[in-house]
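Each remark here refers to the structure printed beneath this line.
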Amino acid sequence: MQAWELAVGALAGVAAVVEDLRSRRIPNWIPVATLAVGIAIHSAERGLAGLGSSLSGAVCGFLVFLVFYILGGLGGGDVKLMTGFGALLGPDRLWVAAWWTAILGAVLALAVLGWSRWRGENRKAIPYAPAIVAGVWIAIGMGGK
């Protein structure tokens with residue numbers, strides 16, 4: 001685990017979760033900044049190999065979440081957020097983050113829907129940034145390249 005990955009993951013993650021819980025939106029500056037920092041630092045550290053890893057991580061993050069966006073399960077901000085985090089993590093750890101996000105997202109969805117039903121509410125949207133960020137933090141904590 002690189003200290004800069006932890007710092008960027010923490011800052012971007014907290015900002016995304018706060019905004020998603022507050023407004024049900026993730027402002028574009030969060031995933032764009034994460035994408036830019038991931039590309040810049042990986043490129044500076046490892047040259048073209050770092051650039052390639054960062055870009056392929058971003059593409060993987062985009063494509064994995066694009067499917068769920070098309071099916072109506074996620075918002076565009078969630079797709080962009082995972083794209084930015086893909087650039088930060090690279091493709092290998094992006095897959096780890098995506099699996100953890102899916103598991104934690106399912107738990108979150110069941111909890112929110114159960115709570116809403118218990119309260120007699122009809123919840124249609126669930127903020128997914130907390131699950132994305134938790135999955136990313138687990139992947140960062142697990143280390144690796």
Side-chain angles (χ1 to χ4, degrees), residues 1-42 45-46 50-145:
M1 166 178 39
Q2 300 284 341
W4 68 266
E5 289 175 327
L6 185 59
V8 173
L11 290 172
V14 168
V17 168
V18 167
E19 286 296 318
D20 200 18
L21 292 175
R22 184 180 66 77
S23 67
R24 299 292 194 265
R25 293 184 36 117
I26 300 169
N28 286 335
W29 70 266
I30 297 170
V32 169
T34 307
L35 177 77
V37 170
I39 290 171
I41 294 181
H42 280 295
E45 283 184 341
R46 297 187 4 238
L51 174 65
S53 175
S54 193
L55 290 176
S56 62
V59 168
C60 288
F62 175 77
L63 292 175
V64 167
F65 275 45
L66 179 64
V67 171
F68 298 104
Y69 171 78
I70 291 169
L71 295 173
L74 293 176
D78 299 320
V79 177
K80 291 182 273 188
L81 184 62
M82 198 56 140
T83 301
F85 279 133
L88 184 71
L89 297 173
D92 294 339
R93 288 186 302 150
L94 180 275
W95 293 114
V96 172
W99 280 111
W100 278 107
T101 296
I103 293 165
L104 296 170
V107 171
L108 174 68
L110 289 173
V112 169
L113 292 173
W115 177 257
S116 296
R117 184 171 297 245
W118 183 73
R119 294 189 50 154
E121 300 171 352
N122 186 14
R123 168 107 41 196
K124 293 188 184 193
I126 297 169
Y128 205 67
I132 294 170
V133 170
V136 167
W137 287 356
I138 290 170
I140 290 172
M142 290 175 71
K145 284 283 178 196

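The figures that follow rest on heavy atoms only: side chains count, while hydrogens, waters and symmetry mates do not.
L89 is not listed as a side-chain neighbour of W95, based on a closest heavy-atom distance of 4.5 Å or more. A heavy-atom distance below 4.5 Å is found between the side chains of V67 and L71. Residues L104 and I138 are in side-chain contact: their nearest non-hydrogen atoms beyond the backbone lie under 4.5 Å apart. Residues P127 and L21 are in side-chain contact: their nearest non-hydrogen atoms beyond the backbone lie under 4.5 Å apart. At a threshold of 4.5 Å between non-hydrogen side-chain atoms, the residues F85 and T34 count as touching. The closest side-chain heavy-atom distance from I30 to K80 is not below 4.5 Å.
Closest approach of A129 to A16, counting heavy atoms only: CB-O, 3.8 Å. Nearest approach of S54 to A87, heavy atoms of both residues: OG-O, 2.7 Å. Summarising the geometry of G135 relative to W100, their closest heavy-atom pair is CA-CB, 3.7 Å, with the distance given to 0.1 Å. Nearest heavy atom pair, residue P31 against residue P27, reads CD-O, 3.1 Å. When all heavy atoms of E5 and L88 are compared, the pair lying nearest together is OE2-O, 3.5 Å.
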Show the numbers, then the answer: is there a side-chain contact (heavy atoms from CB on, under 4.5 Å) between V79 and F68? CA-CA 9 Å; V79 177; F68 298 104; over 6 Å; no
Test side-chain contact (heavy atoms from CB on, under 4.5 Å) on V64 and M82; report intermediate values, then the result. CA-CA 9 Å; V64 167; M82 198 56 140; over 6 Å; no
V59/L55 under side-chain contact (heavy atoms from CB on, under 4.5 Å): CA gap, chis, key distance, verdict: CA-CA 6 Å; V59 168; L55 290 176; 5.5 Å; no
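Between the side chain of W137 and the backbone N or O of G9, at least one donor-acceptor pair lies under 3.5 Å. The backbone N or O of T101 sits less than 3.5 Å from a side-chain atom of Y128, completing a donor-acceptor pair. Listed for the S23 side chain is no donor-acceptor partner under 3.5 Å among the backbone atoms of D20.
For the atom pair L113 CG and L108 CG, the distance stands at 9.0 Å (nearest 0.5 Å). For the atom pair CG of L35 and CG of L81, the computed distance is 11.0 Å after rounding to the nearest 0.5 Å. Here the CG atom belonging to L94 is positioned 10.0 Å from the OG atom belonging to S53, to the nearest 0.5 angstrom. How far CD of E45 is from CG of L51: 13.0 Å, rounded to the nearest 0.5 Å. Between the CD1 atom of I126 and the CG atom of D78 there is a distance of 11.0 Å, given to the nearest 0.5 Å.
Residues passing the ring-ring contact (aromatic ring centres under 6.0 Å, His included) test with W4, sequence neighbours excluded: H42.
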